[in-house]
Amino acid sequence: MEILEAVRGRRSIRRFQKTPIPATLIGTLEESLREAPSAGNLQSRRFYFVFREETRKQLADAAFGQEFIAEAPLAVVCCADLKLARPYRERGRSLYCLQDVAASVQNLLLVAYSLGLGTVWVGAFNEKEASKILTLPDHLRPVAIIPVGYPAESPSRPGKVPREESIVYLR
């Protein structure tokens, strides 16, 4: 699959089949996260692969009842590592580590799509509750939950903001 084809074709999936994800695909998903660029190559991010249904249910509750998190066979909780971001001081902790996570998440979304898997980027959740559920150390900040599984829906392409409202050329 061409990269731009994946960018154009990927959709947010909120309904998943119960089919488990094969271990070989899990390894590919892991690689997609790890290969993303990062500020100063600090790689100030950590990922929790949550297969346990009870934990996914707790995460769905922490995400204000977004039940599709529990219904997917996998939820990846993406965390910024504030300790690893320290060399860049405040900007590292407040921005660079979040950008590191975002780059990894975009890789995950596109690679999952190329493998026939569906995903959705969930940012609406109670961070403190998610941290408690996963017993995260204080230096890890959960910033995204990504449910992953085989899609049970095929959403249409959403509209996009017109080019002239989103792209500015300075010459």
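Worth saying up front: this structure is predicted, and the values here are computed from it rather than measured. Hydrogens, waters and symmetry mates play no part in the numbers below; they use all other heavy atoms, side chains included.
- When all heavy atoms of Arg46 and Leu84 are compared, the closest pair comes out as NH2-CD1, 3.0 Å.
- Under the 4.5 Å side-chain heavy-atom criterion for grouping Ile, Leu, Val, Met, Phe, Trp and Tyr, Leu108 is not connected to Val7 through any hydrophobic cluster.
- Atom-to-atom distance recorded for Leu82:CG and Ser94:OG is 9.5 Å, nearest 0.5 angstrom.
- Heavy-atom minimum distance, Ala85 versus Leu42: CA-CD1, 4.3 Å.
- Listed for the Arg45 side chain is a donor-acceptor partner under 3.5 Å among the backbone atoms of Asp100.
- Taking all atoms of both residues into account, the shortest heavy-atom contact from Cys78 to Val101 is CB-CG1, 3.7 Å.
- Ion pairing between Glu90 and Arg93 holds under the 4.0 Å rule for side-chain N and carboxylate O.
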**Request:** Take Leu134 and Val50 through the test side chain to side chain contact (heavy atoms under 4.5 Å, CB included) and record every step on the way to the result.
**Result:** CA-CA 9 Å; Leu134 299 174; Val50 181; 4.1 Å; yes
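- Glu71 CD to Lys57 NZ: the interatomic distance, rounded to the nearest 0.5 Å, is 10.0 Å.
- Phe125 approaches Ala63 most closely through the heavy-atom pair CB-CA, 3.6 Å.
- The stretch residues 115-135 participates, sequence neighbours left out, in these side-chain hydrogen bond (donor to acceptor under 3.5 Å, both in side chains) pairs: Glu127-Arg141.
- In this structure, NE2 in His139 is found 4.0 Å from NZ in Lys83, a value given to the nearest 0.5 Å.
- Using a 4.5 Å cut-off between side-chain heavy atoms of Ile, Leu, Val, Met, Phe, Trp and Tyr, with links allowed through other members, Phe49 and Phe16 fall into different hydrophobic clusters.
- Rounding to the nearest 0.5 Å gives a distance of 10.5 Å between CG of Leu59 and CZ of Arg52.
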**Request:** Let me see the working for Ile146 and Val105 under side chain to side chain contact (heavy atoms under 4.5 Å, CB included), right down to the final yes or no.
**Result:** CA-CA 8 Å; Ile146 313 298; Val105 169; 3.7 Å; yes
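- In Glu31, the CD atom is not crowded: 12 or fewer heavy atoms of neighbouring residues, nucleotides or ligands sit closer than 6.0 Å.
- Partners of Tyr88 by ring-ring contact (aromatic ring centres under 6.0 Å, His included), not counting sequence neighbours, listed by chain and number: Tyr96.
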**Prompt:** Does the pair Phe47 and Ser104 meet the rule for a side chain to side chain contact (heavy atoms under 4.5 Å, CB included), with working shown?
**Reply:** CA-CA 10 Å; Phe47 307 99; Ser104 290; 3.5 Å; yes
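- In this structure a side-chain-to-backbone donor-acceptor pair under 3.5 Å is present from Gln66 to Ala124.
- Residue Ser114 holds its OG atom at 10.0 Å from CD1 of Ile3, rounded to the nearest 0.5 Å.
- The environment of Glu54 atom CD is dense: over 12 non-hydrogen atoms of other residues, nucleotides or ligands sit within 6.0 angstrom.
- With a 4.5 Å cut-off between side-chain heavy atoms of Ile, Leu, Val, Met, Phe, Trp and Tyr, the cluster of Leu170 takes in Val168.
- Nearest approach of Leu29 to Ser32, heavy atoms of both residues: O-OG, 2.6 Å.
- Annotation: side chain of Val122 is in contact with side chain of Ile69 (closest heavy-atom distance under 4.5 Å).
- Tyr113 and Val148 fall into different hydrophobic clusters, where Ile, Leu, Val, Met, Phe, Trp and Tyr residues are linked whenever their side-chain heavy atoms come under 4.5 Å apart, directly or through other members.
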**Request:** Any chance you could lay out the side chain to side chain contact (heavy atoms under 4.5 Å, CB included) test for Asp81 and Arg86, step after step, and finish with the verdict?
**Result:** CA-CA 9 Å; Asp81 190 326; Arg86 280 187 190 148; over 6 Å; no
**Asked** What's the verdict on salt bridge (Lys or Arg N to Asp or Glu O under 4.0 Å) for Arg8 and Glu5, showing C-alpha distance, side-chain angles and the deciding distance?
**Response** CA-CA 5 Å; Arg8 287 183 180 140; Glu5 180 185 348; over 6 Å; no
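- Formation of a donor-acceptor pair under 3.5 Å by the Arg56 side chain with backbone atoms of Ala72 is found in this model.
- Ala62 and Ile133 get closest at one heavy-atom pair: CB-CD1, 3.9 Å.
- Inter-residue side-chain proximity for Tyr48 and Thr55 is flagged as unmet; no heavy-atom pair is nearer than 4.5 Å.
- To the nearest 0.5 Å, atoms CD1 (Ile13) and CZ (Arg11) are separated by 8.5 Å.
- Criterion: ILVMFWY side-chain heavy atoms under 4.5 Å apart, direct or through other members. Under it, Val77 and Leu33 are not part of a common hydrophobic cluster.
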